[in-house]
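Report on the following structure.
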Amino acid sequence: MIWFVAKTVAGAMLKLFLGTAIVFFALELGAPGGAGWEGVNARFWPWLGQLLLGNFGTSRAAAVIGGLLLDRLAVTLPLIVFALVLAGAIGIGLGWLAGRKRGALATLLTGAAKGLTALPDLWVGLLLILIFGAALRWLPTGGFVAWTSSPGMSLVSLLLPALALALPLAGVIASTLRDAMLAAREADYYRAAMARGLNDDEIFRRHALPNIAVRMLDAVGPAIALTVPGAIIVETVFYLPGMGRLLLDGATTGDTAVVEAGLFLLMLGLLVVTTGIRLGRALVDSRLWNKVAA
Amino acid sequence: MSELTSAATPSGSKEPRLLLAEGLFGVLAILALTAVLWTPYPVDTPDMAVALQDPGSAHWLGTDPAGRDVISLLMKGLLTSFVLSVSALILAAIIGVPCGMVSARWRTGLGMLNGARTMLALYPAIGAAVLFATLWGASGLTAVLALALSNVAPLALATCNAFAAFQSRGYVEAARLAGLGGGRATRHVLSPILHLVLAEAARLFGFNVAAEAGLTFVGLGVQPPAHSLGLLLHDAQSYMAAKPLLTLLPGLLLTVLIVASALAAGGLKARASRGGSVGPA
């Protein structure tokens, strides 16, 4: 198990290194007036060293990027965590009901779950603004109240963006959970356990749950990883001063130092999520422990 | 259980999901193709005199903030969605499908494919789009390249899995034992394999449509004189309270496209599993 964890983490770090190197070389070599291969190569290692020490350099406007990133992460990280919590709560609740109930209600809930997966998060965000902001006037339609001025209001300003990120993901979670629960009932181990005289709850807890968890992590993992880039779009919809805004502004102004730092953090975020899911899956399914991390 | 029920349905009858998807795609494709030659109103000449009109007899779905006819804009945007999403898929297929076939044939390829897949997953469409936009300036082309990059690995993996799933089937083994080479043995299952790969392509088409709109919305894709559903959503946001229809319509169109591709993907997958058990159609 420890060996598996070590290999998975080492693989993730190798990928992060390669990914960062590709971004750095592409941007530095492609930038107008670039230093050429020799010059860029010479700058790469010191740059990487500084990056690992948390020194991201300065932007074109001579702002210290490290400080910028911290300010922006204070918006983006809570947004993603909030969205994952909401998606988990809504998705598991909806999927559980759809898997347990029978008849018209189950069809309705399943339809709702599948429908949510088809909505682009961009449009979900706009719809939420339309409903709760423009029509009902319950919630702010954009912008962000700084944590230091009023933490409660900051959370309120993150509610709609988080919901926009969460709803499509909740749809994926719900429909996967529902399908997995139905498949568990059809499975041989379920019938075998019934024949041994276990009651429904016991079978579910002891036999079905690990199987469902593996299927969930397999199917939902990629969708969870997509919330990291999805946050960039949702931040734009809601005018949130997060990482996405920083990255997009860097791209439009051609500020390579900012884009390099931003993409590094994006890749780091993605790797943390995907590696977490991989390890979680291995925790449930011990057959993976002896497999080489791909 | 499911094998019994699927064997009971006559193999000639069509998957209902596939029929519905064909109908939806047919209507939308006709609308988009018409926009190549003709739209009800010209879309490149703003007319502030008729800006932000409600639906009426002259403009059935009203006009946008620049006084352009909404139906015409939606048709042009639809065309962009189709063209960009399909071009990204074609680019990705040129690289991904052969890679998948090679990995399915020689097992060592699978490990490399998996490595490449997790590596490519580090550049989600938007990350790659940021990189390309910084290098060359954002345009429809950089968006297509970013989408293609994110499509390569899923397509390769689907191809590999499709070939691998059918290679171990009894009749392929039998064909191989009968002295047919690997390539000719595979021919017996080409139709279900094709359906599986097409199913993944259909799923990715829906992903591309949504991603293109998102990229364009944040300024990483198609730029203003051109038309895109993402740009329409972007322009509509300032007028949301007064003219909600401008936000609702492009999003609805996007959702219909995504639903149609999900239906197509589901239908093709079901057809592949049926085709596999009855033999090539």
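Below, chain A is the first sequence line, B the second, and so on; all start at residue 1. Just so you know, these numbers use all the heavy atoms, side chains as well, and skip hydrogens, waters and symmetry mates.
Dense packing is recorded around NZ of K243(B), with more than 12 heavy atoms of other residues, nucleotides or ligands lying under 6.0 Å away.
Every residue two or more places apart in sequence or in another chain was checked for a salt bridge (charged side-chain N to carboxylate O under 4.0 Å, His left out) with R72(A), and none qualifies.
For chain B, the nearby part of L266(A) is the side chain; its heavy atoms alone come within less than 4.5 Å. Heavy atoms closer than 4.5 Å to chain A are found nowhere in L257(B), neither backbone nor side chain. Residue contact with chain B, scored on non-hydrogen atoms closer than 4.5 Å, involves the side chain of L248(A) exclusively. With a threshold of 4.5 angstrom between heavy atoms, L14(A) does not approach chain B through any atom at all.
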Inset, instruction - Output, in order, the C-alpha distance, side-chain angles, deciding distance and verdict of side-chain contact (heavy atoms from CB on, under 4.5 Å) for R271(B) and L18(B). - result: CA-CA 9 Å; R271(B) 204 162 162 197; L18(B) 217 48; 3.3 Å; yes
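Pairing each heavy atom of S228(B) with each of V222(B), the nearest pair is CB-CB, 4.2 Å.
F82(B) and F205(B) have tilted rings, their planes meeting at an angle from 30° to 60° on a 0 to 90° scale.
Here G127(B) is the residue among A133(B), A125(B), G127(B) with the most heavy-atom pairs under 4.5 Å with chain A. Note on V209(B), L254(B), T247(B): by heavy-atom pairs under 4.5 Å with chain A, the leading option is T247(B). Interface check for chain A: of the options L252(B), V256(B), V259(B), the most heavy-atom pairs under 4.5 Å are formed by L252(B). Ranked by non-hydrogen atom pairs under 4.5 Å with chain B, the options V228(A), V124(A), I22(A) are led by I22(A).
Of all residues in residues 255-265 of chain A, those placing a non-hydrogen atom less than 4.5 angstrom from a non-hydrogen atom of chain B are T256(A), V259(A), L263(A). Of residues 211-221 of chain B, those residues lying under 4.5 Å from chain A by any heavy-atom pair are A213(B), G214(B), L215(B), F217(B), V218(B), L220(B). Identified by a heavy-atom distance below 4.5 Å to chain A, contributing residues of residues 140-156 of chain B are lacking entirely.
No donor-acceptor pair under 3.5 Å is formed between the side chain of T275(A) and the backbone N or O of V272(A).
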